[in-house]
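The block underneath contains the structure these notes are about, expressed in structure tokens.
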Amino acid sequence: MKKLIIFCLTIGFAACKPGSNSNTQTPDHTHQNKAVYTCSMHPEVKLDKPGVCPKCGMDLVKK
């Protein structure tokens, strides 16, 4: 009985080990190819093309 409990715990820990899940998704790298422009003063402003910050009018910089 003790061996069965140890066996079940071992299998359970092996199943919970990070990286052992076959359903994990690989990161999508397609969004990294696009340029993102942001404001130096307002980093929450993120646009996909150059321009000016809608909050303060400063030029957006490529991130």
Inter-residue atom distance Met41.CE - Cys53.SG, 0.5 Å rounding: 9.5 Å
Interatomic distance, Thr38 atom OG1 to Glu44 atom CD [nearest 0.5 angstrom]: 7.5 Å
Heavy-atom side-chain proximity of Asp48 to Lys34 below 4.5 angstrom: no
Closest contact, heavy atoms only, Lys49 versus Leu60: O-CD1, 4.2 Å
Spacing of Ser40 atom OG and Lys63 atom NZ [to the nearest 0.5 Å]: 11.0 Å
